[in-house]
Amino acid sequence: MSEPLLLGGIEAGGTKFLCAVADRDGRILAETRIATTTPTETLGAASAFFRDAQRGHGGLSAFSIGSFGPLSWNPLATDYGYITSTPKPGWRDWPAMMPACA
């Protein structure tokens, strides 16, 4: 039997991060809401959520982020994986890639 297709995602808003893991049919297997505070606290909590979810459900096949600020996704750019020109205090030029999701 093959490993299930698991999808991870974050809706990164100015007041909260909604994080979820779903199966190929869109059934939510794990989800959490994290207050948007500092990048270190918020991304640390999101990373911990995805690490725990993967321990319980298996590795992610795909990952998506919808963010309050533009993200640089050009792998050749020096700011690859960073939130770029957001007005959110403390988040400009912050790396959005999390070890649990890379």
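Only this structure's heavy atoms are used, side chains among them; waters, hydrogens and symmetry mates stay out.
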Using modelled atom types and a 3.5 Å cut-off, is there a donor and acceptor pairing between side-chain atoms of Asp23 and backbone atoms of Asp25?
yes
What is the distance from atom NE2 of His57 to atom CG of Leu6, rounded to the nearest 0.5 Å?
8.0 Å
Look up atom CH2 in Trp94 and atom OH in Tyr82, then write down how far apart they are to the nearest 0.5 Å.
9.0 Å
Checking Arg55 now: which residues fulfil salt bridge (charged side-chain N to carboxylate O under 4.0 Å, His left out) with it, not counting sequence neighbours?
Asp52
Keeping the roles fixed (side chain from Gln54, backbone from Leu60), state whether a donor-acceptor pair exists under 3.5 Å.
yes
Output the distance between atom CZ (Phe49) and atom OG1 (Thr32), rounded to the nearest 0.5 Å.
6.0 Å
Interatomic distance, OG@Ser85 vs CZ@Arg92, rounded to 0.5 Å, equals 5.5 Å
When you measure from the side chain of Thr42 to the backbone of Thr37, do you find a donor-acceptor pair of N or O atoms at a distance under 3.5 Å?
yes
How long is the straight-line distance from CZ of Phe50 back to CZ of Phe63, given to the nearest 0.5 Å?
4.0 Å
Cys19 and Ile34, any side-chain heavy atoms less than 4.5 Å apart:
yes
Looking at Ala96 and Ile83, what are the two nearest heavy atoms and their distance?
CB-CG1, 3.9 Å
Tightest non-hydrogen contact, residues Phe17 and Ile10, listed as CD2-CG2, 3.7 Å
Pairwise distance OG1(Thr36) to CZ(Phe68) - rounded to 0.5 angstrom:
6.0 Å
Does Pro70 offer a backbone N or O that forms a donor-acceptor pair with the side chain of Thr84 under 3.5 Å?
yes
Give the minimum heavy-atom separation between Pro95 and Leu43, together with the two atoms involved.
O-CD1, 3.4 Å
Please name all residues satisfying side chain to side chain donor-acceptor pair (under 3.5 Å) with Asp93, sequence neighbours left out, ordered by chain then number.
none
Val21 to Ala53 - nearest heavy-atom pair and separation:
CG2-CB, 3.8 Å
